[in-house]
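Residue numbers start at 1 and run along the sequence shown.
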Amino acid sequence: MTDTRERLLEATLELIWDESLGAASVDAICDKAEVRKGSFYHFFKSKEELVAAALESHFKSSRVDYDRIFSPSVAPVDRLKGFFELMIRKQQMKVEKAGRVVGCPYASVAVACSGADKLVRDAIQDILATWRKYFETAVRDGAADGSIPVKDIPGTVETVFDYIEGAMMAGRIQNSMTPIQKMGRNAFKLLGLEWEATPMTSTKG
């Protein structure tokens with residue numbers, strides 16, 4: 001029982017991200033996690049509760065990278081560039097593992113939610129709101145020091161985030177990294193910035 005909950009979280013995330021929310025039935029999750037259904041209900045009351053917990057767990061682990069990239073000690077433009085480069089690296093790693101482009105797990109699950117999946121939708125809204133704060137803080141700092149020529153900060157950030165989610169979804173639909181690889185350059189245009197490519201570093205290990 002020591003790692004059963006973590007196995008359920010990992011199996012759920014993999015199913016909903018690599019495949020779909022519909023593919024993550026309780027039976028499929030238990031099979032993938034190699035646990036009995038009784039163990040599932042020991043930790044979670046429903047699939048909805050587990051999906052929300054899996055997404056929250058994934059975002060919590062991702063915040064280690066976000067806290068580093070969006071550190072106030074990093075120049076605002078470099079924070080944004082680091083963010084987009086991280087997104088590309090993560091998607092490339094997922095392609096190697098899943099065999100295809102999977103895009104953003106939060107958006108993919110959100111579009112598959114029904115009206116009854118309030119717990120999941122609320123969890124995704126909270127995650128995206130926190131994710132957006134990292135980005136908006138960098139833009140605000142850049143506007144303050146003159147490095148990012150933006151006046152309507154909330155409106156611009158909303159536009160950029162809509163674009164990011166659209167590019168991620170396009171990558172999944174087309175099974176192509178091209179929309180995701182163009183994401184940083186195009187987002188910089190929306191911010192009035194020029195994108196200068198830097199060598200990508202390995203993320204293995």
Exercise. Short question: side chain of R79, backbone of V74 - any donor-acceptor pair under 3.5 Å?
Worked result: yes
Problem set entry | Check: G155 main-chain N/O paired with D152 side-chain donor or acceptor under 3.5 Å | yes
Exercise. Counting heavy atoms not belonging to K47, are there more than 12 under 6.0 Å from its NZ?
Worked result: yes
Exercise. Can you tell me if CZ on R100 sees more than 12 non-hydrogen neighbours from other groups inside 6.0 Å?
Worked result: yes
Between [X] and [Y], does any side-chain N to carboxylate O distance fall below 4.0 Å?
X    : Y    : value
K60  : E56  : no
D18  : K97  : no
D122 : K118 : yes

Seminar exercise, completed: Closest non-hydrogen contact found for I124 with Y106 is CD1-O, 3.5 Å
Problem set entry | In one Ile/Leu/Val/Met/Phe/Trp/Tyr side-chain cluster, 4.5 Å: Y163, I180 | yes
Exercise. Is there a path of hydrophobic side-chain contacts, each under 4.5 Å between heavy atoms of I, L, V, M, F, W or Y residues, that connects V102 with I173?
Worked result: no
For this session: Report yes if some heavy atom in the side chain of W195 is under 4.5 Å from a heavy atom in the side chain of K189; otherwise report no.
Result: no
For this session: Fit a plane to each ring of F83 and Y66, take the angle between them on a 0 to 90° scale, and name the class: parallel (under 30°), tilted (30 to 60°) or perpendicular (over 60°).
Result: tilted
Exercise. So how far is it from T12 OG1 to F44 CZ, rounded to the nearest 0.5 Å?
Worked result: 7.0 Å
